Visitor: 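One structure coming up, written as structure tokens, with questions to follow.
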Amino acid sequence: MNIRFDGKVVAVTGGAMGFGRAICRRFAALGARVFACDLDATQLAEAAAGTSIATARVDLADRAAAAAWIGDVERAAGGPIDVLVHNAGGTLGRAWARIEEAKDPDWDAILAVNLTAAFALCRAAAGGMRKAGRGRIVTISSGAGLQASRTGIQAYTAAKHGLVGLTRQLAAELGPHGITVNSVAPGLQASTPAKARVWAARAEAEKQAVLNTIALRRLGEPDDIADGVIFLASAHARLITGHVLPVNGGRL
Ligand SMILES: NC(=O)c1ccc[n+]([C@@H]2O[C@H](COP(=O)([O-])OP(=O)(O)OC[C@H]3O[C@@H](n4cnc5c(N)ncnc54)[C@H](O)[C@@H]3O)[C@@H](O)[C@H]2O)c1
């Protein structure tokens, strides 16, 4: 497969670290004009260093700010976004708590970035894509979008299931306009320095028990996720929409 994105306008959320950083760098290496946003301006600047990736600090928990960023990207690019990747999210450092003790602010924060931001971003980007008669949207969901989560965090599982639902619904709505909407569902990865530290601190037996639930017996790398996104955004995936692609080494 010879995949290139020369001149294509690609907007990626959560580009500062982990999967988002790998996704931005992969698109840029394939010729795209990449626009990345994140809450963490320092890590984002580091991610973009030495590349042509344009960066913006955006708090995606603020719907108006999310929509404004899409407008900024379109203005800077001089046209509609070709590929929108909503990757920002995660459990935001929240710990698991029994449902009786789960806190409203934790629920709201996790839903805001993982799900509501996707709604705000897609709503803002859809008009330009519709007019252009083309576009690709890829959401980063999770195994937690398809089944109960290893984290046990209720808000995270609910948000990712919601994100999968939004992905499928928008695929149906936007398909007649030449726009595909798909999701990559990563499995567990030590994708960021913080997550790598947590993984490294786990007992060997505990790590092995997790690896035994993965057919390929490894966690994978952020580039594995980026490759899934690149495929879904490419011409090779032109007839694929409303699909959730697990990239997880085979969950047993
Ligand atoms: N790492 C895993 O094991 C795993 C597994 C399945 C799915 N995922 C999903 O993959 C995506 C990326 O995960 P990751 O592990 O690479 O990184 P992560 O989950 O630690 O963070 C993703 C990025 O989102 C940014 N972000 C958080 N809140 C934000 C906000 N309000 N506004 C703007 N940006 C914000 C963070 O700064 C970070 O750069 C997330 O959606 C996550 O839920 C991760």
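Just so you know, ligand 1 is whichever comes first in the structure, and atom 1 is the first atom listed for that ligand. Fair warning: this is a prediction, and the values are worked out from it, not measured in the lab. Excluded from the calculations below are hydrogen atoms, water molecules and symmetry mates; all remaining heavy atoms, backbone and side chain alike, are included.
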Visitor: For the pair R26 and D227, evaluate salt bridge (Lys or Arg N to Asp or Glu O under 4.0 Å) and give the outcome as yes or no after the intermediate values.
Guide: CA-CA 8 Å; R26 202 57 137 214; D227 282 344; 2.6 Å; yes

Visitor: Counting only heavy atoms, tell me which of V247, V184, D38 gets closest to atom 37 (O) of ligand 1.
Guide: D38

Visitor: Which of the atoms in ligand 1, numbered in the order shown and given with their element, are less than 4.0 Å from a heavy-atom of Y156?
Guide: 6 (C), 7 (C), 8 (N), 9 (C), 42 (C), 43 (O)

Visitor: Tell me which one of L44, L163, L92, L60 gets a heavy atom nearest to atom 30 (C) of ligand 1.
Guide: L60

Visitor: Which atoms form the tightest heavy-atom contact between A144 and S149, and what is the distance?
Guide: CB-CB, 3.6 Å

Visitor: For ligand 1, is Q43 a contact, meaning one of its heavy atoms is under 4.0 Å away?
Guide: no

Visitor: Please indicate whether any nitrogen or oxygen in G90 is less than 3.5 Å from any nitrogen or oxygen in ligand 1.
Guide: yes

Visitor: Can a donor-acceptor pair be found, under 3.5 Å and without considering hydrogens, that links the side chain of N114 to the backbone of I110?
Guide: yes

Visitor: Enumerate the atoms of ligand 1 whose separation from the nearest heavy atom of A61 is less than 4.0 angstrom.
Guide: 31 (N)

Visitor: Check which hydrophobic residues are tied to L219 through side-chain heavy-atom contacts below 4.5 Å, counting indirect links as well, and list them.
Guide: L188, W199, V210, L211, I214

Visitor: Does some non-hydrogen atom of A117 fall short of 4.0 Å from ligand 1?
Guide: no

Visitor: Of all the non-hydrogen atoms in the protein, which one sits nearest to atom 31 (N) of ligand 1, and at what distance?
Guide: D59 OD1, 2.9 Å

Visitor: Between I53 and A28, what is the shortest heavy-atom contact and its length?
Guide: CG1-CB, 4.0 Å

Visitor: Nearest to atom 41 (O) of ligand 1 by heavy atom, I140, N87, T91, T192: which?
Guide: N87

Visitor: Which ligand 1 atoms are under 4.0 Å away from a heavy-atom of G18?
Guide: 16 (O)

Visitor: Show the atoms of ligand 1 that are less than 4.0 angstrom away from any heavy atom in V58.
Guide: 32 (N), 33 (C)

Visitor: Please walk me through it: do R57 and D38 pass side chain to side chain contact (heavy atoms under 4.5 Å, CB included)?
Guide: CA-CA 5 Å; R57 184 189 179 279; D38 205 287; over 6 Å; no

Visitor: Salt-bridge test for E173 and R130: reply yes if a basic N is under 4.0 Å from a carboxylate O, no otherwise.
Guide: yes

Visitor: To the nearest 0.1 Å, how far is atom 44 (C) of ligand 1 from its closest protein heavy atom, and which atom is that?
Guide: F19 CE1, 3.4 Å

Visitor: For atom 5 (C) of ligand 1, grab the closest protein heavy atom and report residue, atom and distance to one decimal in Å.
Guide: G187 O, 3.3 Å

Visitor: Purely on distance, is any nitrogen or oxygen of P186 under 3.5 Å from one on ligand 1?
Guide: no

Visitor: Between D224 and R218, does at least one N-O distance fall below 4.0 Å, as a salt bridge requires?
Guide: yes

Visitor: Go through the steps for V73 and R75 under the test side chain to side chain contact (heavy atoms under 4.5 Å, CB included), then give the verdict.
Guide: CA-CA 5 Å; V73 171; R75 267 187 299 283; over 6 Å; no

Visitor: Just by distance, no angles: are the side chains of T167 and S183 close enough, under 3.5 Å, to form a donor-acceptor pair?
Guide: no

Visitor: Under 4.0 Å from a heavy atom of V113: which atoms of ligand 1 are those, numbered in the order shown and with their elements?
Guide: 28 (N), 29 (C), 31 (N)

Visitor: Does ligand 1 have an atom that lies less than 4.0 angstrom from a heavy atom of A112?
Guide: no

Visitor: Of the backbone atoms (N, CA, C, O) and the side-chain heavy atoms from C-beta on, which set of S141 has a member under 4.0 Å from an atom of ligand 1: side chain, backbone, both, or neither?
Guide: backbone

Visitor: Kindly indicate whether the side chain of I137, heavy atoms from C-beta on, has any atom under 4.5 Å from the side chain of T180.
Guide: no

Visitor: If you measure only the distance, is there a donor-acceptor pair under 3.5 Å linking the side chains of H86 and T139?
Guide: no

Visitor: Out of curiosity, does L232 fall in the hydrophobic cluster containing V85 (side-chain heavy atoms, cut-off under 4.5 Å, transitive links)?
Guide: yes

Visitor: Provide the number and element of each atom of ligand 1 under 4.0 Å from a heavy atom of L188.
Guide: 3 (O)

Visitor: Counting each atom of ligand 1 from 1 as listed, which ones have a heavy atom of K195 under 4.0 Å away?
Guide: 1 (N), 14 (P), 15 (O), 17 (O), 18 (P), 19 (O), 20 (O)

Visitor: Does this structure show an ion pair linking D82 with R136, if we count only N-O contacts that are shorter than 4.0 Å?
Guide: no

Visitor: Of the choices G220, S142, S191, A88, which has the non-hydrogen atom that lies closest to atom 15 (O) of ligand 1?
Guide: S191

Visitor: Compare P222, G89, S149 and give the one whose heavy atom is closest to atom 22 (C) of ligand 1.
Guide: G89

Visitor: Considering only heavy atoms of A16, which atoms of ligand 1 have at least one such atom less than 4.0 Å away?
Guide: 39 (O)

Visitor: Among all protein heavy atoms, pick the one closest to atom 3 (O) of ligand 1 and tell me residue, atom and distance.
Guide: Q189 N, 2.8 Å

Visitor: Where on L39 is there a heavy atom closer than 4.0 Å to ligand 1, on the side chain, on the backbone, on both, or on neither?
Guide: both

